[in-house]
Each structure stands twice: as structure tokens, then as C-alpha cells.
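It should be emphasised that the depicted structure is a prediction, and the values quoted were computed from it without experimental measurement. All ligand and atom numbering here is 1-based and tracks the order in the structure.
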Amino acid sequence: MTPRYDTTTALVVVDVQNDFAAPDGGLYVSQGEAVVPAVNAEIDAAREAGAMVVYTQDWHPETTPHFSKDGGVWPTHCVQGTWGAELHPDLTVDGPVVRKGVDGGDGYSGFSVRDPVSGEESATELGRILEDTQIRRVVVTGLAGDVCVKATALDARALGYEVVVPLATTRFVELEAGDGQRAVEELRSAGVEVVPA
Ligand code: VGL
Ligand code: ZN
């Protein structure tokens with residue numbers, strides 16, 4: 001089901017990038033390519049209603065404690081300037097793109113960056129973009145549902161927005177089996193409206 005859009009609603013499209021959404025991507029999320037038409041349909045609905053669309057892009061340096069080769073948990077993905085970091089070629093792009101992870105932090109949430117060494121958090125432009133346009137409701141879509149979509153939706157809730165996550169527009173990476181189901185429960189307990197696919 002498509003959430004309703006209006007000028008106080010923002011659609012946030014999280015990390016629909018080749019490394020997550022293409023079968024030969026560096027951190028392919030199973031069925032990740034299936035989110036592209038589903039997200040495009042949301043983008044069309046949002047644009048028709050005059051709602052803003054904002055994109056995030058995972059944008060890591062070559063070396064970061066985010067990657068398993070450097071002591072983290074993830075295979076190398078979304079390295080700045082590479083094919084894998086590009087937004088999926090079939091995604092409709094019409095709005096600002098906020099890059100995260102740029103400084104070597106994990107950058108899970110579109111709203112904050114965390115310094116990998118000090119652990120200190122600071123804000124990205126996403127929060128300011130939503131404040132400047134008087135947004136009260138945020139629809140969070142994209143990849144991956146149990147990582148960056150979850151972190152972005154939880155931060156949006158913490159910032160006081162009404163938050164909707166349509167499951168048809170996301171897929172789970174499941175670093176550990178059950179992460180997807182746990183993410184849905186966590187989102188629901190935080191007051192996020194999780195729309196069944
Ligand atoms: C993501 C794992 C590592 C995501 C980003 O976009 O969900 N997942 N980096
Ligand atoms: Zn990443």
C-alpha cells in the first residue's frame with residue numbers, strides 16, 4: 001500500500017546503490033533490485049502530491065573500520081567514486097542526495113555521523129533539509145531495512161517526526177538470521193508505522 005503524501009511529508013530514499021541493489025554488488029542485499037520499482041512508485045506518488053524526496057548515499061573512504069578488512073563487520077562496499085557507490089541506474093533521482101559515512105564513520109543513519117575513533121555523533125544535512133521545509137511526517141524506504149533504513153527511521157522518530165516504513169520498499173541484509181524480524185519489532189516499539197508488503 002502506498003502511503004499518502006502531502007507537502008508536509010518527505011520521502012527518504014536510503015542507499016539504493018549498486019553495491020546493495022545489484023546482484024554483483026559488494027554487499028548485495030538479497031532481492032535488493034526489487035526495491036527499485038517499488039521506490040520509484042513512491043517517488044512518483046510523492047512528486048504528484050508536492051512532497052519532497054531526499055536521497056542518502058553510503059559513501060565510504062577506501063579504508064574504514066566499517067569494513068571487515070579493517071576490523072569491522074561489512075564486506076567492502078560503496079567506496080567513494082566507485083560503480084558500487086552510484087545510485088542504481090533505474091532509480092528516479094529528483095531531489096537532494098545526502099552522503100554519509102564520508103569521514104570513515106559507520107554512517108548508518110541518514111541523520112547523523114559518528115566518528116569511528118571518538119564515537120562522537122554529529123548531524124548531517126538531512127535534519128536541516130527537513131526542518132527548513134516544515135516536514136512533520138517521513139516515509140523511509142530503500143536498503144537495508146535492518147541497517148540504514150532502521151537507523152534512519154529510528155532517528156526520525158527520536159526527532160519527533162511521524163514515521164512510516166513500507167516493507168514493500170525495503171529488503172533486509174540479515175547479517176545475523178532474524179535481524180529483519182527484530183528490526184520490524186524495534187521500529188514498531190519506537191512508534192514507527194511499519195506497513196506490511
Ligand atoms: C548499510 C551495511 C553497511 C545500509 C550500509 O545501507 O543499510 N548496511 N553500510
Ligand atoms: Zn556502509
Asker: Mark yes or no for whether R99, through its side chain, and W59, through its backbone, hold a donor-acceptor pair below 3.5 Å.
Answerer: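 Side chain of R99 to backbone of W59: no pair is present.
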
Asker: Any salt bridge linking K100 with D15? Criterion: basic side-chain nitrogen under 4.0 Å from a carboxylate oxygen.
Answerer: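 Salt bridge flag = yes for D15 with K100.
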
Asker: Just jot down the ligand 1 atoms closer than 4.0 angstrom to any heavy atom of H66, in number order.
Answerer: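 Atoms satisfying the 4.0 Å criterion: 3 (C), 9 (N).
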
Asker: How does L143 reach ligand 1, by side chain, by backbone, by both or by neither, if only non-hydrogen atoms under 4.0 Å count?
Answerer: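 Within the 4.0 Å criterion, L143 contacts ligand 1 through backbone atoms alone.
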
Asker: How about D106: does one of its N, O or S atoms come closer than 2.8 Å to the Zn ion (ligand 2)?
Answerer: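 For D106, the answer is no, given that no N, O or S atom comes within less than 2.8 Å of the Zn ion (ligand 2).
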
Asker: Could you tell me, atom by atom, which parts of ligand 1 come under 4.0 Å of a heavy atom of C148?
Answerer: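 Going through ligand 1 atom by atom, the ones under 4.0 Å from C148 are 1 (C), 4 (C), 5 (C), 6 (O), 7 (O).
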
Asker: Please find out if the Zn ion (ligand 2) and some N, O or S atom of H77 are separated by less than 2.8 Å.
Answerer: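 A backbone or side-chain N, O or S atom of H77 is under 2.8 Å from the Zn ion (ligand 2).
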
Asker: Of the backbone and side-chain N, O or S atoms of H60, does one lie nearer to the Zn ion (ligand 2) than 2.8 Å?
Answerer: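 Yes, H60 qualifies, because one of its backbone or side-chain N, O or S atoms lies under 2.8 Å.
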
Asker: Suppose I only count heavy atoms of A144 and a 4.0 Å limit; which atoms of ligand 1 are within that range?
Answerer: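 Answer for ligand 1: 4 (C), 6 (O), 7 (O).
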
Asker: Which is closest to atom 8 (N) of ligand 1 in terms of heavy atoms, V147, T170, L175?
Answerer: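 Of the listed residues, V147 has the closest heavy atom.
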
Asker: If you round to 10 degrees, what value do you get for the angle at the Zn ion (ligand 2) between D58 atom OD2 and H66 atom NE2?
Answerer: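 OD2 of D58, the Zn ion (ligand 2) and NE2 of H66 span an angle of about 170°.
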
Asker: Any nitrogen or oxygen of H77 lying under 3.5 Å from a nitrogen or oxygen in ligand 1? Just yes or no.
Answerer: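 In this structure, H77 places an N or O atom under 3.5 Å from an N or O of ligand 1.
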
Asker: Taking F67's backbone N and O only, do any of them form a donor-acceptor pair with D70's side chain (distance below 3.5 Å, no angle check)?
Answerer: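 It does not hold such a pair.
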
Asker: Please give me the minimum heavy-atom distance between W83 and A22, naming the atom from each residue.
Answerer: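 That would be CH2-CB, 3.8 Å.
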
Asker: What are the atoms of ligand 1, with element, lying closer than 4.0 Å to any heavy atom of D15?
Answerer: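 Heavy-atom distances to D15 below 4.0 Å select 4 (C), 6 (O).
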
Asker: Hey, is L27 one of the residues with a heavy atom under 4.0 angstrom from ligand 1?
Answerer: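 Yes; L27 lies near enough to ligand 1 that a heavy-atom distance drops under 4.0 Å.
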
